[in-house]
J.: 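Below are the structure tokens for one structure; questions will follow.
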Amino acid sequence: MAHDLTPLMQEIGYEFHNIRLLEQALTHSSYANEGKGGRECYERLEFLGDSVLGFITARHLYANDRSPEGELTKLRAAVVCEKALCSYSQALGIGQYMRLGRGEAQNGGAQRPSILADMYEAVLAAIYLDGGMEPAEKFVLRFIIPEAESQRRRHFKDYKTALQEIIQQNPGERLEYVLVGASGPDHCKVFKVEVHLNSNVIGKGRGHSKKEAEQLAAREALKLMGYE
């Protein structure tokens, strides 16, 4: 276990005022049960972090994805599942900072996906308690946004092409995608696009790129026309 947590805080992108919160987030019950250091284990923090993670993720998806509730639920589940949270912890190098009991350490606890996932949530809770919602949200979105994009690409359907093929069946009809707005910081910009059929709005979309917004606008148009 590395005692200097400065490199980890640099990876996290947040400097703790109360370093004991971070230490607790990295302390496994096996270490606490051996009576080392007199610290609580991460489990209570993990309980809180799970709820904070769920709220931040749900709010982000609600604000930036026009998919129906069922699909939002599936996407949220995919970006906060154990496999995803484990990958976030691995990206931060959390495993090398864990406090593990001797037996747990010998059995590879620092690489165990369930522990890595739990400790990501515990670290999130520690950030939330130490600095509030703003740094907690920044910490979450750093991982959630690219993972959500990856999930969307994995299940991608080309709605623009499907819509174009339908419209082409009627000669003289004209489709146009119009960018009507863009907002938010550069790292989390949201684009708003309308798809027009002969100047009539038939669909709207919001996304973190123009292409994504256009696809979602086309999807809404397909739903309006009864094809989706």
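Residues: numbered from 1 along the sequence shown.
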J.: Stepwise, does the side-chain contact (heavy atoms from CB on, under 4.5 Å) test hold for Leu45 with Leu129?
T.: CA-CA 9 Å; Leu45 286 174; Leu129 291 174; 3.6 Å; yes
J.: Name all pairs fulfilling the side-chain hydrogen bond (donor to acceptor under 3.5 Å, both in side chains) condition that reach into residues 195-210, sequence neighbours left out, sorted by first residue then second.
T.: Glu173-Asn198, Glu194-His196
J.: Got a list of side-chain donor-acceptor pairs under 3.5 Å for residues 88-95, not counting sequence neighbours?
T.:
| unit_1 | atom_1 | unit_2 | atom_2 | d |
| --- | --- | --- | --- | --- |
| Tyr88 | OH | Val79 | O | 2.7 |
| Ser89 | OG | Leu116 | O | 2.6 |

J.: Show your working on side-chain contact (heavy atoms from CB on, under 4.5 Å) between Val195 and Glu220 and close with a plain yes or no.
T.: CA-CA 9 Å; Val195 57; Glu220 186 173 274; over 6 Å; no
J.: When hydrophobic residues are tied together by side-chain contacts of less than 4.5 Å, even through go-betweens, does Val180 share a cluster with Phe191?
T.: no
J.: Using the rule that Ile, Leu, Val, Met, Phe, Trp and Tyr join whenever any side-chain heavy atoms are under 4.5 Å apart, tell me whether Leu163 and Val201 fall into a single cluster.
T.: no
J.: Hydrophobic clustering (ILVMFWY, side-chain heavy atoms < 4.5 Å, transitive) - are Leu216 and Ile145 grouped together?
T.: no
J.: Pick one: which of Glu69, Glu71, Arg76 meets side-chain hydrogen bond (donor to acceptor under 3.5 Å, both in side chains) with Thr73?
T.: Glu69
J.: Mind running side-chain contact (heavy atoms from CB on, under 4.5 Å) on Glu134 and Lys138 for me, showing each step along the way?
T.: CA-CA 6 Å; Glu134 184 175 345; Lys138 182 178 179 181; 5.9 Å; no
J.: Taking the side chain from Arg99 and the backbone from Cys41, do they hold a donor-acceptor pair closer than 3.5 Å?
T.: no
J.: Determine, stepwise, if the pair Thr161 / Glu165 fulfils side-chain hydrogen bond (donor to acceptor under 3.5 Å, both in side chains).
T.: CA-CA 6 Å; Thr161 298; Glu165 290 175 350; 6.0 Å; no
J.: Using a 4.5 Å cut-off on heavy atoms from C-beta on, say whether the side chain of Ser29 contacts that of Glu104.
T.: no
J.: Sub-3.5 Å donor-acceptor pair from the side chain of Ser87 to the main-chain atoms of Ala84, do we have one?
T.: yes
J.: Does one side chain, of Gln10 or Thr6, offer a donor that lies under 3.5 Å from an acceptor on the other?
T.: no
J.: Quick one: CG on Asp118 to SG on Cys86, what's the gap to the nearest 0.5 Å?
T.: 10.5 Å
J.: Examine distances only and state if a side-chain atom of Asn107 and a backbone atom of Gly109 form a donor-acceptor pair shorter than 3.5 Å.
T.: no
J.: When you measure from the side chain of Asp130 to the backbone N and O of Ala126, does any donor-acceptor pair fall under 3.5 Å?
T.: no
J.: Please report whether the ring centroid of Tyr120 lies less than 6.0 Å from that of Phe139.
T.: yes
J.: If you group Ile, Leu, Val, Met, Phe, Trp and Tyr whenever their side-chain heavy atoms sit less than 4.5 Å apart, what else falls in with Val190?
T.: none
J.: Quick one: does Leu22's side chain get under 4.5 Å of Tyr97's, heavy atoms only?
T.: no
J.: Could you check Val123 against Leu8 for side-chain contact (heavy atoms from CB on, under 4.5 Å), going step by step and ending with a plain yes or no?
T.: CA-CA 11 Å; Val123 169; Leu8 178 59; 5.8 Å; no
J.: Looking at Lys189 and Gly184, would you say the former's side chain and the latter's main chain have a donor-acceptor pair under 3.5 Å?
T.: yes
